[in-house]
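The structure appears right after this line, and notes come after that.
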Amino acid sequence: MNLSHQLKEHLRTTLRNLQYPDEQIFLEIPPTPELGDRSCAVALALAKKLKLPPHQIAAAIHGSISQIESLFRKVEIAGPGYLNFFWSGSALSAVLTEILKTGESYGSSTLGAGARRLFEFVSANPTGPMNIVSARAAALGDSLVRLHQKIGFVADAEFYVNDAGRQVRLLGESVQVRVKELKGEAVAIPEGGYHGSYVIDIAKVALTEYGGDLFHDSGDLVGRWAANRIVLDQRRTLEEYGVRFNRWYFESELHENKAHLQVLEELKNAGHTYEKDGALFFKSTQFGDDEDRVIITQEGRPTYFLPDIAYHRDKALRGYAKAVDLLGPDHHGHAQRIKAAMAALGLPADFLEIIIVQQVNLLRSGQPVKMSKRAGEIISMDELLAEVGADAAKQIFLSRRWSSHLDFDIEVAKDRSEKSPVFYVQYAHARICSIFRKADQQIDFSSADFDLLTAVEEKELLRALSLFPDVVEAAALQYAPNRLNSYLAELATIYHRFYHNCRVLSDDLEQTKARLALCRAAQIVLKEGLRLLGMSAPETM
RNA sequence: GCGCCUGUAGCUCAAUGGAUAGAGCAACGGCCUUCUAAGCCGUAGGUUCUGGGUUCGAGCCCCAGCGGGCGUACCA
């Protein structure tokens, strides 16, 4: 159990002993170290309920908890009624010991208790290469999966491939047109078809592999073939980006299993549907949606909505306790209806959580770059990553919260990529690695005397390292990797300051040992923090 | 019209309803015979869009207004 969890437990016990009403215990990190290592505003929160001055409550808690000397050396009441806790030297030594002992597992917890969570993200249509929005979603989703695994959830990543429906047929027809074009025949691209140059590339492959016979087949068939090629490309791009999915779930699988028809029967039998104007509607208004939605068209064809319901239902059938979807802002209207469908199928209200990841405005030297797959104006994710680099791009995405509409200027990103904050963090890690390369390998720092770490920079570093588990937990539960990103930048600053002012390798063997131990701990936390953000931790730079 | 998101330093963005609103970049001034200067130290930069409200306390919550983005299909 980490320090914060122990402190919370003590506070809960104290509140019970004082017979105060139940109150959520929340620990904060004070703005400056002078105000302590952790603070708690519970006295302020209780003041309202108890109708007592916050200071009086804080004093009562203070009087009751102050005996526990092993955890903190000092508790202060400050400001309007904060309780500020200062870790004891032994508690901080224990943190250092724990980091050295547990290594990369430091910061892990069992909070999630093995509950299964499925994160679905990117799910870009297989009708063209991915763009920068997918890069943002991929960075975020990947980090959330890692963070949830870290705190004890069984978290999986999934990519849903819409390889069915009209868009795939149009893709097929667009390919057919390009094949004819390559054979010298001029044909117009169908209404709503895809104009991008990648379609020509696919047509060239079709021509060499199939000799051009492809355009005799149905658009659907050609579309499926082309979509599969595109999906392979998407997977390669994402893997180069460092993002892997546990499963690529094809919509066509659902159609083959008739899973959508099964869900349809269920909705019908439960009385959640009705016919109107020859179409079949789902009564989503009964579950909070603005209007009822068509699930079977007049022509008797299911809309995209029906298989989508089946897909999300399937997540529950596969044993996930919670499904988290990262969707783009253009799909926000979709959120309510799919949630309505989950409710109609009897799933708990919090089964499906939808995060709308806001758009990325792509700029080049301040000028907006408009993107449209159909018009063929695309700056692909591949091109972006080649220009900016995966780590620097991820840093930009993960330093913002998901609700921010962010500007991504390619030129600025290129110019600044060398100055990216991610390099600052990686550099701290590389510097530590360098020290260990220079250090005498015979030195056993596990037996170091941590009481020698008395310099301001050393104590600051210890304090920062003790925060890591709290930050990881908050970042995961709030779906906010940007918190971890800020923390790592702060930790790197503190490390660089330590590095500048405290020489590690010296003639003083005992001091060298203690500082090596501190460096190892910082190295572990920096590397693990970067890993949780999906970024690399190079040993030299 | 309605719905979702958004407005914070010159720029890009942080800040679980808490203490003195913080970083990076850009600007200016210092520090390399010492474990990596992709670093350190310092200066400057703010009416958190506006007006009300809620409360011990509001950048954050509520109401109204103004500005920006995105939706508003029997497409996916």
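All values below come from the heavy atoms of this structure, side chains included, with hydrogens, waters and symmetry mates left out. Order of the sequence lines fixes the chain letters, A, B, ..., with proteins taken first and strands second; residue numbering starts at 1 for each chain. Just so it is clear, the structure is predicted and the values come from calculations on it, not from any experiment.
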(request) If B:G42 has a Watson-Crick or G-U wobble mate with both distances under 3.5 Å, name it; if not, just say none. (result) B:C28
(request) Take atom C1' in B:U54 and the same atom in B:C61, then report the distance between them in whole Å. (result) 8 Å
(request) For A:Asp330 and B:C70, give me the distance from atom CG to atom P, rounded to whole Å. (result) 10 Å
(request) Measure the distance from CZ on A:Arg401 to P on B:G59 and round it to the nearest whole Å. (result) 15 Å
(message) Using the side-chain heavy atoms of A:Thr303, tell me which of these nucleotides is nearest: B:C74, B:C40, B:U36.
(response) B:C74
(message) In this structure, how many angstroms lie between the P atom of B:G39 and the CZ atom of A:Arg503, rounded?
(response) 20 Å
(request) With RNA chain B as reference, determine whether A:Trp402 or A:Thr540 sits nearer its 5' end, using the nearest nucleotide of each. (result) A:Trp402
(request) Tell me what A:Ser434 touches on the nucleic acid: a base, only sugar-phosphate, or nothing, going by heavy atoms under 4.0 Å. (result) base
(message) Please tell me if A:Ser403 has a side-chain N or O lying less than 4.0 Å from either OP1 or OP2 of B:U6.
(response) yes
(request) Is it possible for you to check whether A:Arg520 lies under 6.0 Å from the centre of the six-membered ring of A:Phe436, through NZ or CZ, and within 45° of that ring's axis? (result) yes
(message) Taking the minimum atom-to-atom distance to the side chain of A:Phe26, which one of B:A76, B:C70, B:U16 wins?
(response) B:U16
(message) Please confirm whether the shortest side-chain N or O distance from A:Lys276 to OP1 or OP2 of B:C74 is below 4.0 Å.
(response) no
(request) Would you mind checking if A:Glu510 and A:Lys513 are paired as a salt bridge, meaning a charged N to carboxylate O distance below 4.0 Å? (result) yes
(message) Tell me whether the side-chain N/O atoms of A:Ser404 come closer than 4.0 Å to OP1 or OP2 in B:A14.
(response) yes
(request) Report which part of the nucleic acid A:Cys433 touches: base, sugar-phosphate, or nothing (heavy-atom distance under 4.0 Å, all strands). (result) nothing
(request) For A:Gln426, report the nucleic acid contact type (base, sugar-phosphate, nothing); a contact means any heavy atom under 4.0 Å. (result) nothing
(request) Figure out the NE2/P separation between A:His332 and B:C4, and round it to whole Å. (result) 8 Å
(request) Scan side-chain atoms only and decide if A:Glu158 and A:Tyr311 contain a donor-acceptor pair under the 3.5 Å cut-off. (result) yes
(request) Run the salt-bridge test on A:Asp470 and A:Arg38 with the 4.0 Å N-O cut-off and return the result as yes or no. (result) yes
(message) Distance check, P atoms only: B:U8 and B:U47, in whole angstrom units.
(response) 12 Å
(message) If you assign A:Ile356 and A:Pro30 each to the RNA chain B nucleotide with the nearest heavy atom, which residue ends up on the more 5' nucleotide?
(response) A:Ile356
(message) Under 4.0 Å, heavy atoms only, any strand: does A:Ala489 hit a base, just the sugar-phosphate, or nothing?
(response) nothing
(message) Checking base pairs now: Watson-Crick or wobble, both atom distances under 3.5 Å. What partners B:G71?
(response) B:C2
(request) Report the base-pairing partner of B:A64 (Watson-Crick or G-U wobble, both distances below 3.5 angstrom), or none. (result) B:U50
(message) Taking only the P atom of each, what is the distance from B:C70 to B:G24 in whole angstrom?
(response) 32 Å
(message) What contact category does A:His331 fall into here, base, sugar-phosphate, or nothing, at under 4.0 angstrom with non-hydrogen atoms?
(response) base
(message) Counting the atoms with a prime plus P, OP1 and OP2 as sugar-phosphate, which does A:Asn501 contact under 4.0 Å by heavy atoms, base, sugar-phosphate, or nothing?
(response) nothing
(message) Does a side-chain N or O of A:Tyr304 approach OP1 or OP2 of B:A76 to a distance below 4.0 Å, or not?
(response) no
(request) Report yes if a side-chain nitrogen or oxygen of A:Tyr424 is closer than 4.0 Å to either non-bridging phosphate oxygen (OP1 or OP2) of B:C40; otherwise report no. (result) yes
(message) Using the C1' atom as the point on both nucleotides, what is the distance between B:U34 and B:A15, in whole Å?
(response) 39 Å
(request) Decide, yes or no, whether a salt bridge links A:Lys315 with A:Asp325 under the criterion of side-chain N to carboxylate O below 4.0 Å. (result) yes
(request) May I ask you to say what A:Pro31 touches in the nucleic acid, namely base, sugar-phosphate or nothing, with a heavy-atom cut-off under 4.0 Å? (result) base
(request) Determine the contact category for A:Ala47: base if any of its heavy atoms lies under 4.0 Å from a base atom, sugar-phosphate if only primed atoms, P, OP1 or OP2 are that close, otherwise nothing. (result) nothing
(message) Using a heavy-atom cut-off of 4.0 Å across all strands, would you classify A:Phe436 as base, sugar-phosphate, or nothing?
(response) nothing
(request) Using a heavy-atom cut-off of under 4.0 Å over every strand shown, decide if A:Gln298 touches base, sugar-phosphate, or nothing. (result) base
(message) Can you identify which nucleotide, out of B:A37, B:U16, B:C13, has its nearest atom closest to the A:Arg483 side chain?
(response) B:U16
(message) Expressed as a whole number of angstroms, how long is the span from A:Glu490:CD to B:C13:P?
(response) 22 Å
(request) Please report the C-alpha distance between A:Phe498 and A:Tyr495 in whole Å, then the side-chain angles of each, then the deciding distance to 0.1 Å, and finally whether the ring pair (Phe, Tyr, Trp, His ring centres under 6.0 Å) criterion is met. (result) CA-CA 5 Å; A:Phe498 161 79; A:Tyr495 184 79; 5.5 Å; yes
(request) Determine the contact category for A:Asp163: base if any of its heavy atoms lies under 4.0 Å from a base atom, sugar-phosphate if only primed atoms, P, OP1 or OP2 are that close, otherwise nothing. (result) nothing
(request) Ignoring the backbone of A:Val504, work out which of B:C35, B:A38, B:C74 is nearest its side chain. (result) B:C35
(message) With rounding to the closest Å, how many angstrom separate the C1' atoms on B:G17 and B:G59?
(response) 11 Å
(request) Quick one: label A:Ser39 by what it contacts on the DNA or RNA (base, sugar-phosphate, nothing), any heavy atom closer than 4.0 Å. (result) base
(request) Round to a whole Å and report the spacing from CG of A:Asp290 to C1' of B:A73. (result) 15 Å
(message) Does the structure show a Watson-Crick or G-U wobble partner for B:A15, both distances under 3.5 Å? Name it, or say none.
(response) none
(message) With a cut-off of less than 4.0 Å, is there a side-chain N or O of A:Asn482 near OP1 or OP2 of B:A15?
(response) yes
(message) Is it true that A:Asp314 and A:Tyr249 share a donor-acceptor pair across their side chains at a distance under 3.5 Å?
(response) yes
(message) Any base atoms under 4.0 Å from A:Glu191, or only sugar-phosphate, or nothing? Heavy atoms, all strands.
(response) nothing
(request) Would you mind reading off the distance between A:Leu170 atom CG and B:A76 atom C1', rounded to a whole angstrom? (result) 11 Å
(request) Using a heavy-atom cut-off of under 4.0 Å over every strand shown, decide if A:Leu44 touches base, sugar-phosphate, or nothing. (result) base
(message) In this structure, is the centre-to-centre distance between the rings of A:Tyr274 and A:Phe281 below 6.0 Å?
(response) yes
(request) Measure the shortest side-chain to side-chain distance between A:Met342 and A:Ile309 over non-hydrogen atoms and say whether it is less than 4.5 angstrom. (result) yes
(request) Measure distances between side-chain N and O atoms of A:His496 and base N and O atoms of B:C40, and say whether any donor-acceptor pair falls under 3.5 Å. (result) no
(message) Rounded to whole Å, how long is the line connecting atom CZ of A:Arg431 with atom C1' of B:C35?
(response) 9 Å
(request) Measure from the side chain of A:Glu28, starting at C-beta and using heavy atoms only, and say which of B:U12, B:U16, B:C74 lies closest. (result) B:U16
(request) For B:A37, give its Watson-Crick or G-U wobble partner with both distances under 3.5 Å, or none. (result) none
